[in-house]
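Keep in mind that this is a model prediction, so the values were computed, not measured.
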Amino acid sequence: VYEEGEVLYIDKVESRYPVRMYSRIGKPVAITVAAVAKLLLADLPEAERRAVADRLDYPMYTARSTPNAPAFLKELATVREQGWATDLGGHEESINCVAAPVRGADGRVAAAMSVSAPNVVVTAEELLTLLPLVRRTADAISRDFSGRAPTKEDPKE
């Protein structure tokens with residue numbers, strides 16, 4: 001969820017594999033690279049989206065990290081258009097993630113859900129094949145959360 005300028009994890013299901021990722025409930029995510037953060041920020045009204053992008057720092061966690069505000073805004077535009085996001089090694093070189101939005105009753109993105117995995121468990125290409133399932137799951141969560149099915153025509157601004 002996006003609160004007070006931060007994106008925070010509110011829940012997590014641990015992997016059944018011995019290789020685990022570092023993320024903790026209640027802790028902030030790397031806002032400029034995390035797929036869930038991109039979804040939440042992409043849904044903000046344009047002026048707010050630009051203001052947030054302009055005030056962020058852009059740490060280069062890996063060579064694939066988002067380097068600056070113009071690149072971040074371009075990526076957010078893509079995320080906004082396609083309705084889903086990825087982090088393919090932008091925060092941690094060997095970790096990939098696909099994410100989909102959870103929408104509230106007003107059609108706005110209220111939260112986001114993702115599936116992340118280290119390359120040793122699932123390649124980026126294999127993870128992307130899960131995108132339809134991730135999107136269906138996010139839609140089901142949206143229906144439970146909002147009481148209605150999300151639609152492509154839901155308001156964005």
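Considering every non-hydrogen atom in both Ala110 and Phe145, the closest pair reads CB-CE2, 3.6 Å. Listed here is the closest heavy atom pair of Gln82 and Arg135: O-NH2, 3.6 Å. Residues Val122 and Ala117 approach most closely at CB-CB, 4.1 Å, considering heavy atoms. Nearest heavy-atom pair, Leu88 versus Ala124, reported as atom, atom and distance to 0.1 Å: CD2-CB, 4.2 Å. Shortest non-hydrogen contact noted between Ala53 and Phe72 is CB-CD2, 4.0 Å. What you find for Leu44 and Arg80 is that their closest heavy atoms are O-NH1, 3.6 Å.
For the pairing with Asp43, the side-chain contact (heavy atoms from CB on, under 4.5 Å) check across Val79, Leu76, Val109 returns one residue only, Val109.
Side-chain contact check for Leu41 versus Ile31: some heavy-atom pair is nearer than 4.5 Å. Residues Arg108 and Ser146 have side chains not in contact (no heavy-atom distance under 4.5 Å, counting atoms from C-beta outward).
One distance of note links CG of Leu128 with CG of Asn96; it measures 8.0 Å at 0.5 Å rounding. Here the OH-CD1 distance, from Tyr61 to Ile95, works out to 14.5 Å after rounding to the nearest 0.5 Å. With rounding to the nearest 0.5 angstrom, the OG1 atom of Thr32 is 9.0 Å from the CE atom of Met60. Taking CD of Glu92 as the reference point, atom OG of Ser116 lies at 9.5 Å (rounded to 0.5 Å). Within the model, atoms NZ of Lys38 and OG1 of Thr78 stand 10.0 Å from one another, a figure rounded to the nearest 0.5 Å. Within the model, atoms CD of Glu93 and CG of Asn119 stand 8.5 Å from one another, a figure rounded to the nearest 0.5 Å.
Leu131 and Leu39 are members of different hydrophobic clusters when ILVMFWY side chains are connected at heavy-atom separations under 4.5 Å. In terms of hydrophobic clustering, with Ile, Leu, Val, Met, Phe, Trp and Tyr side chains grouped at heavy-atom distances under 4.5 Å, Leu133 and Met113 are assigned to different clusters. Residues Val98 and Val33 do not share a hydrophobic cluster, clusters being chains of Ile/Leu/Val/Met/Phe/Trp/Tyr side chains in contact below 4.5 Å.
A distance-only check finds no donor-acceptor pair linking the side chain of Glu48 to the backbone of Pro45 [under 3.5 Å]. At least one donor-acceptor pair closer than 3.5 Å links the side chain of Ser142 to the backbone N or O of Arg103. Of the possible donor and acceptor atoms, one in the side chain of Thr62 sits under 3.5 Å from a partner among the backbone N and O of Arg64. Side chain of Ser65 to main chain of Gly90: a donor-acceptor pair is present (N/O by atom type, distance under 3.5 Å, no hydrogens or angles).
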